[in-house]
Amino acid sequence: MRPPSATSRLLTTVVVAVMLVGFFARAAQLRNDVLYSVGADFKGFDPADSGDVISAAMVSRVYEGLLEYAYLDRPYRAEPRLAEAMPEVSADGLTYTFHIKKGVHFSDDPCFPGRKGREVTAVDFVYSFTRVLDPKVESTGDWIFVNHVAGAKEWVAKGDPTAKIPGFVAADRYTLQIKLRQPYPQLIWVLTMPYAFVIPHEAVEHYGREFRSHPVGTGPYVLKDWRFNYRVEFVRNPSFNGQSYPTTGEPADREAGLLEDAGKPLPLTDRVVDYEIQEFYTIWQMFLGGQIASTGISKDYFEKVINPQLELSDALKKRGVRLYKTPEMSLWYIAFNMKDPLIGASPDPVINEKHKKIRQAFALAIDVDQYCTVIHNNRETPANTILPAGLAGHTETPYPYRFNRARAKQLLAEAGYPDGRDANGNPLRLTMISSGAGSTEARQQGEFLVEQLHAIGIELLSQQLSFAEYLRREHDGEMQVIYAGWIADYPDGQNFLQLLYGPNKTPGVNFCDYQNDEFDRLYEKVLTMQDSPERSALYEKMSNIAIADCPWALMTYSLAYGLFQPWFQNYKPHAFPYPNAKFYKVLPH
């Protein structure tokens, strides 16, 4: 899943909260309101277009799917949400049968006769899943089904929207079957994602292109008001199908007070208001004023808030403010366009090897340790594999391209660019795009990398784009070098490895168009494997293959810092927190 901003550190300090610690916990009570700050672009409420963190959070306010994560349980576990129970799986692992809860209704809306929301049925899931695969919708989430569901790939190729996909079957009003081409152990996880949430066809047909502004779901909230680039307000959904706060969790949860609301109906707050605030100064003043419940910490404020031991300052401790530090299942990296004639792959083995050396020299030229200190206050650590810690396949194997300027210069010379110039004396010029337009921190980040590359003779032009334009360029493969990030969609390393799988090239998630036949062969092998030491070993091997080819220069893993008011309750760090606002509580203050 795309982070809300791939480069802006100013945004990222806000986005730190957005990502895994704070954003979904940014609730505060102010005259009976719950306030949130966003700090990044928000695309709308279409589940089929929920591939970034902000959009996934907003979609999860109003929509739901068959499954969701058990909020307090660790390790992560999926549990039924709109399904009556976990699916029945056939002996060959190819058919998943879900029995859908009866009596679940879409919220009331003008798209329905008499404005009365109707009951959700299996046909609605077939419609919603099929829509994710419809090329006309241009969903960024088609990858969750297209190579796995029986007949999906053929349906997409045929382009006949009136035809049915054999793998999505409404066996009766409340029975849904998903039939697969081959075993797909990740299916349970992807069904927790907003891409797989259920929508009514009436809303899509009634609102047309404006559907993304008129969500009609079954979730805990309904949209009351959306003022673009300013404010989004939700109120409790009166037809929300009964769900209660969990009664079990980890042993320490009860001591932490996380089970005091066990069994109470959800959501625990009546109203949610999300404000989009770009300036951290404003966010910080609101936090100090008790107007918002949580915030990230900007680079410029970090030393005022966090002491040299990386703990909360005494001043904030006295106010009762709490600090959460949460490792993220995320990776930041610099990706090279493998179709680029200057640095990409080539059928000529001699040229191909030279281009690889340029990419390796690029990676070796960056002092990531210094980058973490100067740009991120050591809130990030150098990445060493494609799989972040916490995922099967991650190892502590040293990254082969740790900062080595002499080696970088040597490789650059071997590639035909001694001191960064070709045989005619022309400099090697590369252009890198990132998000965070207008952000001081994004600019500083770009300047840092420009200086690092300049030291080996590469002239790097760093361009910061709006997040929307950044995503478009990434989607279309319109870039030479790109500063990118990925947050795990689910706790399986396959989610990161798919970004380098050949058939996922643009407009798929393999936006650098990397291709390695051995990598692809192993990827197709592991896709059908259940979690096991053998599969983890193959994940590690695939990571090593990609690192050797160097389509990415690995940068960092993140440690998110979040500050929380003492009256904000029931927050537990979660790697996949999108629907968790319904569990949060705000005490009178």
Side-chain angles (χ1 to χ4, degrees), residues 1-8 10-12 15 18-19 38-59 131-144 146 156 193-195 208-213 226 228-229 276 278 330-340 343-344 430-439 442-443 445-446 460-487 489 498-501 503-514 551-552:
M1 178 171 288
R2 304 292 193 276
S5 171
T7 57
S8 167
L10 175 59
L11 280 180
T12 298
V15 165
V18 171
M19 285 162 43
V38 178
D41 301 337
F42 166 44
K43 294 190 294 185
F45 293 93
D46 188 344
D49 193 18
S50 58
D52 63 275
V53 170
I54 297 288
S55 298
M58 294 298 176
V59 164
R131 184 171 177 270
V132 170
L133 288 168
D134 188 343
K136 293 194 299 298
V137 176
E138 296 185 335
S139 170
T140 55
D142 59 347
W143 58 269
I144 69 173
V146 69
V156 172
M193 297 176 63
Y195 287 133
R209 295 176 62 87
E210 299 302 317
F211 168 67
R212 64 176 53 234
S213 304
W226 179 17
F228 188 67
N229 277 340
E276 181 168 342
Q278 299 287 353
S330 64
L331 172 68
W332 297 91
Y333 56 96
I334 295 172
F336 306 100
N337 188 339
M338 298 300 283
K339 293 189 300 184
D340 186 83
I343 58 173
L430 301 175
T431 299
M432 182 183 74
I433 63 169
S434 62
S435 60
S439 161
R443 177 180 54 76
Q445 175 179 280
L460 181 69
L461 173 63
S462 176
Q463 297 178 336
Q464 288 82 49
L465 310 177
S466 70
F467 191 46
E469 176 62 10
Y470 169 87
L471 291 178
R472 188 197 68 76
R473 296 274 294 275
E474 179 187 84
H475 177 268
D476 295 340
E478 294 181 8
M479 48 78 178
Q480 187 176 41
V481 182
I482 184 170
Y483 196 104
W486 189 262
I487 298 175
D489 291 298
Q498 65 163 337
L499 305 178
L500 294 165
Y501 178 52
N504 287 344
K505 290 177 182 175
T506 52
V509 290
N510 178 5
F511 59 84
C512 70
D513 284 328
Y514 173 64
W552 296 353

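Computed from a predicted model, the values in this text were never measured in an experiment.
The shortest non-hydrogen separation linking W143 to Q498 is CE3-OE1, 3.1 Å. V59 and P194 make their closest contact through CG1-CB, 3.9 Å (heavy atoms, listed as atom of the first residue, atom of the second, distance). Across Y195 and I144, no two heavy atoms sit closer than the pair CB-CD1, 3.7 Å. The nearest pair of heavy atoms linking A56 to S50 is CB-O, 3.7 Å.
N504 places none of its side-chain heavy atoms less than 4.5 Å from the side chain of L499. E478 is not listed as a side-chain neighbour of I433, based on a closest heavy-atom distance of 4.5 Å or more. No side-chain heavy atom of N510 sits under 4.5 Å from any side-chain heavy atom of Y501. A heavy-atom distance below 4.5 Å is found between the side chains of L500 and C512. Considering only heavy atoms from C-beta on, Q463 comes within 4.5 Å of T431 through its side chain. The shortest distance between side-chain heavy atoms of S213 and W226 falls below 4.5 Å. Two residues are said to be in side-chain contact when any heavy atoms from C-beta on lie closer than 4.5 Å; R473 and L465 meet this criterion.
A donor-acceptor pair shorter than 3.5 Å cannot be found between the side chains of S462 and Y483. S139 and D142 are not linked by any side-chain donor-acceptor pair at a separation below 3.5 angstrom, with hydrogens and angles left out of the test. Remark: the D340 side chain and the Q480 side chain contain an N/O donor-acceptor pair separated by less than 3.5 Å.
For the atom pair F336 CZ and I343 CD1, the distance stands at 6.0 Å (nearest 0.5 Å). Between the CD atom of Q445 and the OG atom of S434 there is a distance of 6.0 Å, given to the nearest 0.5 Å. Atoms CD1 and CG, from I482 and N337 in turn, are 9.5 Å apart once rounded to the nearest 0.5 Å.
In terms of the side-chain contact (heavy atoms from CB on, under 4.5 Å) criterion, residue partners of R131 (sequence neighbours excluded) are, by chain and number, D46, A48, Y127, V137, I199, V204, F211. Every residue two or more places apart in sequence or in another chain was checked for a salt bridge (charged side-chain N to carboxylate O under 4.0 Å, His left out) with E138, and none qualifies. The side-chain contact (heavy atoms from CB on, under 4.5 Å) test applied to P507 returns H475, not counting sequence neighbours.
Evaluated for a ring-ring contact (aromatic ring centres under 6.0 Å, His included) with W552, the options F511, W332, Y333 yield exactly one hit, Y333.
Taking a cutoff of 4.0 Å between a charged side-chain nitrogen and a carboxylate oxygen, K505 and D513 do not qualify as a salt bridge.
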### Query
After noting the C-alpha distance and the side-chain angles of V156 and V146, does the key distance pass the side chain to side chain contact (heavy atoms under 4.5 Å, CB included) rule?
CA-CA 8 Å; V156 172; V146 69; 4.2 Å; yes
#### Entry: Stepwise side chain to side chain contact (heavy atoms under 4.5 Å, CB included) check, I334 with V481
CA-CA 7 Å; I334 295 172; V481 182; 3.3 Å; yes
### Message
Let's go through V53 and I487 carefully: what are the C-alpha distance in whole Å and the side-chain angles of both, what is the deciding distance for side chain to side chain contact (heavy atoms under 4.5 Å, CB included) to 0.1 Å, and is it a yes or a no?
### Response
CA-CA 8 Å; V53 170; I487 298 175; 3.5 Å; yes
